[in-house]
Amino acid sequence: QVQFVESGGGLVQAGASLRLSCLASGIAFSWDDMGWFRQAPGKEREFVATISWTRRILYEDSVKGRFAISRDDAKKTVYLQMNSLKPEDTGVYFCAAGFRGPARNDGDYVYWGQGTQVTVSS
């Protein structure tokens with residue numbers, strides 16, 4: 001059974017930092033491409049960042065220079081370090097696993113976590 005456990009979300013003020021973690025089970029992980037997406041209230045889910053099993057990394061333009069994605073294959077965990085948070089970063093953050101290389105399209109990911117809430121106040 002595939003399961004992702006996301007953690008690290010919370011309520012912070014603008015300018016603060018958070019580190020999200022996603023612990024995976026039921027997948028090989030080392031050969032999987034891992035992504036982070038977010039969904040703000042009333043909006044569609046959008047791409048945030050992805051790291052392939054070859055360590056190729058892509059970011060959504062608005063988070064470049066502020067967010068950093070990383071992975072620890074031994075721990076089967078993918079991280080999202082979020083710095084200089086802005087109110088527009090508010091949303092539910094989901095991790096996902098796929099097999100098509102680093103992808104921005106959520107349709108390229110097969111397995112999804114339940115999400116963790118991030119709220120940034122101004």
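- Phe67 and Val48 make their closest contact through CD2-CG1, 3.8 Å (heavy atoms, listed as atom of the first residue, atom of the second, distance).
- Applying the ring-ring contact (aromatic ring centres under 6.0 Å, His included) rule to Phe37 yields the partners Phe47, Tyr109, Trp112; only residues at least two apart in sequence or on another chain are considered.
- Partners of Asp73 according to the salt bridge (Lys or Arg N to Asp or Glu O under 4.0 Å) rule, which considers only residues two or more places apart in sequence or in another chain, are Arg55, Arg71.
- With sequence neighbours left out, the side-chain hydrogen bond (donor to acceptor under 3.5 Å, both in side chains) criterion links Gln117 to Thr119.
- Between the CD1 atom in Ile51 and the CD1 atom in Ile57 there is a gap of 4.0 Å [rounded to 0.5 Å].
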**OP:** Show the numbers, then the answer: is there a side-chain contact (heavy atoms from CB on, under 4.5 Å) between Trp53 and Met34?
**Re:** CA-CA 8 Å; Trp53 69 275; Met34 300 301 297; over 6 Å; no

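- No chain of hydrophobic side-chain contacts below 4.5 Å, direct or via other Ile, Leu, Val, Met, Phe, Trp or Tyr residues, connects Leu11 to Leu85.
- Within the 3.5 Å criterion, the main-chain N or O of Val92 finds no donor-acceptor partner in the side chain of Gln39.
- Applying the side-chain contact (heavy atoms from CB on, under 4.5 Å) criterion to Ala16, with sequence neighbours excluded, gives Val12.
- Pairs engaging residues 38-91 under the disulfide (SG to SG under 2.5 Å) rule: none recorded [sequence neighbours left out].
- Contact record, Ser122 with Ala14: CA-CB, 4.4 Å, taken as the closest heavy-atom pair.
- Residue pairs meeting the salt bridge (charged side-chain N to carboxylate O under 4.0 Å, His left out) criterion with at least one partner in residues 81-100, sequence neighbours excluded, are Arg38-Asp89, Arg66-Asp89, Arg100-Asp108.
- Hydrophobic cluster membership differs between Leu23 and Met82, with clusters built from Ile, Leu, Val, Met, Phe, Trp and Tyr side chains linked at under 4.5 angstrom.
- Residue pairs meeting the disulfide (SG to SG under 2.5 Å) criterion with at least one partner in residues 28-61, sequence neighbours excluded, do not occur; the list is empty.
- When the salt bridge (Lys or Arg N to Asp or Glu O under 4.0 Å) test is applied to Arg45, the partners found at least two apart in sequence or on another chain are Asp106.
- Judged by distance alone, with hydrogens and angles left aside, the side-chain atoms of Tyr111 form no donor-acceptor pair with the main-chain N or O of Phe4 at under 3.5 Å.
- For residues 45-118, the disulfide (SG to SG under 2.5 Å) pairs, not counting sequence neighbours, are Cys22-Cys95.
- Follow the hydrophobic side-chain contacts under 4.5 Å out from Phe94 and you never reach Phe29; the two are in separate clusters.
- Although no hydrogens or angles enter the test, the distance criterion places no donor-acceptor pair under 3.5 Å between the side chain of Arg56 and the main chain of Thr50.
- Across all their heavy atoms, Leu80 and Ala49 have their closest contact at CD1-CB, 4.2 Å.
- Residues forming a ring-ring contact (aromatic ring centres under 6.0 Å, His included) with Tyr79 (at least two apart in sequence, or on another chain): none.
- Under the side-chain hydrogen bond (donor to acceptor under 3.5 Å, both in side chains) criterion, the residue pairs touching residues 13-37 are Ser17-Asn83, with sequence neighbours excluded.
- Within the structure, the disulfide (SG to SG under 2.5 Å) test picks out no pair touching residues 24-80 (sequence neighbours left out).
- With a 4.5 Å cut-off on side-chain heavy atoms, Leu18 and Val118 count as touching.
- For the pair Thr90 (side chain) and Val120 (backbone), a donor-acceptor distance under 3.5 Å is present.
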**OP:** Please report the C-alpha distance between Leu20 and Glu6 in whole Å, then the side-chain angles of each, then the deciding distance to 0.1 Å, and finally whether the side-chain contact (heavy atoms from CB on, under 4.5 Å) criterion is met.
**Re:** CA-CA 7 Å; Leu20 305 183; Glu6 295 126 323; over 6 Å; no

